[in-house]
Amino acid sequence: MKEVNSGDVLSLCKRRGFIYPSYEIYGGIAGLYDYGPLGTQMKTNIMDLWRSIYALEEGFVEIDSDIVGPEMVFKASGHAENFQDLMVTCKLCGEGFRADHLAKDFHPNPGALSKKELGELIVRENIKCPLCKGDLSEVEEFNLMFKTKIGPGSGRIGYLRPETAQGIFVNYPNLYRYMRETLPFGAIQIGRAYRNEISPRQGVIRLREFNQMEAELFVDPVDKRWPRFSAVRDNKVRLVPNTDEVEIETTFGEALDKGIIAHETIAYFLWVTQRFLTKAGVDPKRMRFRQHLKTEMAHYACDCWDAEALLSYGWTEIVGIADRGAWDLTRHMQYSQADLTAFKRFDQPQEVERKAFKPKYGLLGPEFKARSAKVGKALEAADISLLKDGKVELDVDGEKLSISDKYFDIVDVKEKVNGVKFVPHVIEPSHGLDRILYTCLEHAYTLGEENYVTLNLTVDAAPIKVGVLPLMGKDDLDKKGMEIDRTLRERGIATYFDDSGSIGRRYARLDEVGTPYCVTIDYEVFENGTVTIRDRRTTKQVRVPESEVVHVIEQLLHGRPFEELIAKV
RNA sequence: GCAGGUGUAAUCUAGUGGUUAGGAUCUUAGCCUUCCAAGCUAAAGGCCCGGGUUCGAAUCCCGGCACCUGCACCA
């Protein structure tokens, strides 16, 4: 097989209506692409497949949250802070530069410098514009989020979301209640996200506007087992652990037992991901899971695996599966003051004995006057470990107070505890839909004899499921064809009716857009009432009665092997 | 963002400082055609954008935009 080249794939995508460069008549914009008729259908198919796995099989609930969000959300998420580069612009020619790049001749590690330090360095070393020697502006932050305003006038600052996940996190209290306050539970969202990439490249692999399918699973931090894992543990998987970065083939169970994968839940969703990708049409031989290096781990993650596909661009991340710990919910609790915890009821209420401060209100009153009640409450709430050298440091209405032990006793209190509140951990399988779609296309792209192109898309992904082809556009063959076409469509099957030109050309056209089956109506339909079904992969045909063709097609689309039909005939 | 390369029709491409930019594929119409890109006839469709040099620019120069490769970046 000849080497697949991304240019050939993108050329086909454009020619046959999968993907178009956006705003092409105005010269195009880097990092923006439109889906054409076939691409849109294929994207919908992949989304439906993913939904059927997460929503139906795994029981996740789906939401659809806003694309625009207020600044505070992204301060909490860390994107406002971590998601930016420091830039300077030339006052003369207006060109922009990364400040740390300009500083690299004057500092061993300019990437580590702050905005202020970089600004000072540029002034001190008298760094000028590398292009025109003009003076440089102050150091400014270039955030990779698209900024906007919410509302008229000065408005509130808003950003287009850089990932769909935050929409699920901020809805955690609603979803927790919806799920009747039981963990674990999962929520999914499919939607657009935006990153103002400095240098979009590689077709739809790095986009400025892209599609994500994200799942957020909320779990008990002390119980990351997964009941159904035992059913999948013997399946094979290719892993690249972060210990020695060598690819190994093993089973999910073995990788878990050896401690390569952190826990059952991650392991289970690696399997779910592998199954989903394979069904969508990613070649299992060109796919693996790579564990993030400790240094590479995102600002929130505590374990992370990428599903990678081998493309003409090299190994490319298409899904990320991260254990984000309590990071997101904790941050949103801090910034929003909302309660984003879960409550775990003990089997038996527990009697807990602990030491506590018992304020002596008789002495507090004269000393603290009107505030004494608040001081007392603060003491009661304070943990005994705060006691140091006979004093307790307290924060009362923002004021630090030091309370000496003559104002309280230390007593044993018995409390009945029904359960414990905790911040759930989040396991996140996050899918780049555009990358997955492109991977399916490239992995399906097959160049045969005389440059005959076949897209071996899976039945699930293929935008057109069945071509309906009368051998001739006359002698009532076309009428028969139209009847069959109509019936298939009434059953919800996407067809393409074509009675023009030679039959070979029509097969070729349909092969090129990945249509798995063709129904061909030839003259035998008038002799014995049969038509043929052609299989794209083998180009073999079987003959079935016209009355059964819809039923057989439905079976094929639900996974019945074509070979079985041949054997039967 | 840096360096290099490329830009001719939906796709692949030929071409030259000078008449009407050539071919192939694809598409459409008609004819023909009883299963894997057949044939005939006709039609439609193009020099990435802007500026400069020139009597004349698709061609040379500059700028922009897009794409490709490498580097950098990649929560």
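Every chain is numbered from 1 and lettered A, B, ... according to where its sequence line falls, protein lines coming before strand lines.
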Is a side-chain N or O of A:Arg192 found less than 3.5 angstrom from the main chain of A:Glu209, in a donor-acceptor match? no
Return the nucleotide paired to B:C26: Watson-Crick means purine N1 to pyrimidine N3 with N6-O4 or O6-N4, wobble means G-U with N1-O2 and O6-N3, both under 3.5 Å. none
Atom pair distance, as rounded to whole Å: CD in A:Glu449 and P in B:A37: 12 Å
With both distances kept under 3.5 Å, what pairs with B:U20, Watson-Crick or G-U wobble? none
Among side-chain atoms of A:Gln189 and A:Ser65, is any donor-acceptor pair under 3.5 angstrom? yes
Mind checking if A:Val453 touches a base, just sugar-phosphate, or nothing, with heavy atoms under 4.0 Å? base
Mind checking the C1' distance from B:G46 to B:C32? Whole angstroms is fine. 31 Å
Looking at residues at least two apart in the chain, or sitting in another chain, which of them share a side chain to side chain contact (heavy atoms under 4.5 Å, CB included) with A:Lys224? A:Val219, A:His263, A:Thr265, A:Asp323, A:His425
Charged tip of A:Arg288 within 45° of A:Trp315 ring normal and under 6.0 Å: yes
Salt bridge (charged side-chain N to carboxylate O under 4.0 Å, His left out) partners for A:Glu512, two or more places apart: A:Arg15, A:Arg16
Both distances below 3.5 Å, Watson-Crick or wobble geometry, any strand: find the nucleotide opposite B:A9. none
When the C1' atoms of B:C26 and B:A66 are considered, how many whole Å apart are they? 24 Å
Restricting to non-hydrogen atoms, name the atom on A:Arg238 and the atom on A:Met287 that form the minimum distance, rounded to 0.1 Å. NH1-O, 3.2 Å
Residues A:Arg208 and A:Glu197 bridged, charged N to O under 4.0 Å: no
Could you tell me whether A:Lys479 and A:Asp476 make a salt bridge, using a distance below 4.0 angstrom between a side-chain N and a carboxylate O? yes
If we call it a pair only when both distances are under 3.5 Å in a Watson-Crick or G-U wobble match, what pairs with B:G39? B:C31
Return the value, rounded to whole Å, for the distance between atom CG of A:Leu469 and atom P of B:U34. 17 Å
In whole Å, measure the gap between the P atoms of B:U53 and B:U19 for me. 23 Å
From OH of A:Tyr20 across to P of B:C67 the rounded distance in Å is 18 Å
I need the full list of salt bridge (charged side-chain N to carboxylate O under 4.0 Å, His left out) pairs touching residues 432-446 of chain A, with sequence neighbours left out, sorted by first then second residue. none
Give none if B:G46 has no partner; otherwise give the nucleotide forming a Watson-Crick or G-U wobble pair with it, both distances under 3.5 Å. none
How do A:Lys474 and A:Arg208 order along RNA chain B: which one's closest nucleotide is nearer the 5' end? A:Lys474
Minimum-distance nucleotide to A:Tyr452 side chain [options: B:U34, B:A37, B:C35]: B:A37
RNA chain B-proximal residues of residues 533-541 of chain A, any heavy atom under 4.0 Å: A:Arg534, A:Thr539, A:Gln541
Write down the distance between CG (A:Leu12) and P (B:U25), rounded to a whole number of angstrom. 18 Å
Nucleotide by nucleotide, nucleotides 47-52 of chain B touches protein heavy atoms under 4.0 Å in the pattern (B base, S sugar-phosphate only, - none) ------
Protein-nucleic acid N or O pairs under 3.5 Å, nucleotides 6-12 of chain B:
residue	atom	partner	partner atom	Å
B:A10	O3'	A:Lys14	NZ	3.4
B:U11	OP1	A:Lys14	NZ	3.0
B:U11	O3'	A:Ser11	OG	3.2

I'd like to check the side chain to side chain donor-acceptor pair (under 3.5 Å) partners of A:Gln541; sequence neighbours left out, ordered by chain and number. A:Tyr507, A:Thr532
Could you list all N or O pairs between the protein and nucleotides 68-70 of chain B that sit under 3.5 Å apart?
residue	atom	partner	partner atom	Å
B:C68	OP1	A:Gly203	N	3.3
B:U69	O4	A:Arg201	NH2	2.7
B:G70	O6	A:Arg201	NH2	2.6

G-U wobble or Watson-Crick pairing nucleotide for B:A57 (cut-off 3.5 Å, both distances): none
Regarding A:Pro21, tell me which of base, sugar-phosphate or nothing describes its non-hydrogen contacts under 4.0 Å with the strands shown. nothing
Where does the angle between the aromatic ring planes of A:Tyr313 and A:Tyr438 fall among parallel (under 30°), tilted (30 to 60°) and perpendicular (over 60°)? tilted
Once salt bridge (charged side-chain N to carboxylate O under 4.0 Å, His left out) is applied, do any residues pair with A:Arg505, and if so which ones, sequence neighbours excluded? none
How far apart are the closest heavy atoms of A:His443 and A:Leu310, and which atoms are they? NE2-O, 2.9 Å
Pairwise C1' distance, B:G70 and B:A44 [rounded to whole Å]: 42 Å
Does A:Arg534 come within less than 4.0 Å of A:Asp511, counting only side-chain N to carboxylate O? yes
Nearest whole angstrom, please: distance from the P of B:C67 to the CG of A:Asn5. 16 Å
Between A:Arg543 and A:Glu524, does any side-chain N to carboxylate O distance fall below 4.0 Å? yes
Could you please name the partner base of B:C71, counting Watson-Crick and G-U wobble pairs only when both distances are under 3.5 Å? B:G1
Who pairs with A:Tyr23 by side chain to side chain contact (heavy atoms under 4.5 Å, CB included), at least two apart in sequence or on another chain? A:Ile29, A:Leu32
Can you measure A:Asp522 atom CG to B:C36 atom C1' for me and round it to whole angstrom units? 14 Å
Determine the Euclidean distance between corresponding P atoms of B:C61 and B:G17; express it in Å to zero decimal places. 13 Å
Minimum heavy-atom distance between A:Ser430 and A:Glu214, given as atom pair plus value: OG-OE2, 2.7 Å
Could you tell me the separation between the CG atom of A:Asn528 and the C1' atom of B:U34, rounded to a whole number of Å? 14 Å
Would you measure the distance from the C1' atom in B:A57 across to the matching atom in B:G18 and give it in whole Å? 10 Å
Of A:Glu450 and A:Gly27, whose nearest nucleotide on RNA chain B comes first from the 5' end? A:Glu450
Using a strict heavy-atom distance below 4.0 Å, which residues from residues 496-511 of chain A are in contact with RNA chain B? A:Ser502, A:Ile503, A:Gly504, A:Arg505, A:Tyr507, A:Ala508, A:Arg509
Considering only atom P, compute the distance from B:U28 to B:A38 and round it to an integer number of Å. 14 Å
Between B:A21 and B:A9, how many Å separate the two P atoms, rounded to a whole number? 15 Å
Rounded off to whole Å, could you give me the CD-to-P distance for the A:Glu197 and B:C67 pair? 13 Å
Minimum-distance pair of heavy atoms, taken over all atoms of A:Phe562 and A:Leu556: CA-CD2, 3.9 Å
What residues, two or more places apart in sequence or in another chain, satisfy ring pair (Phe, Tyr, Trp, His ring centres under 6.0 Å) together with A:Phe218? A:Tyr172, A:Phe185
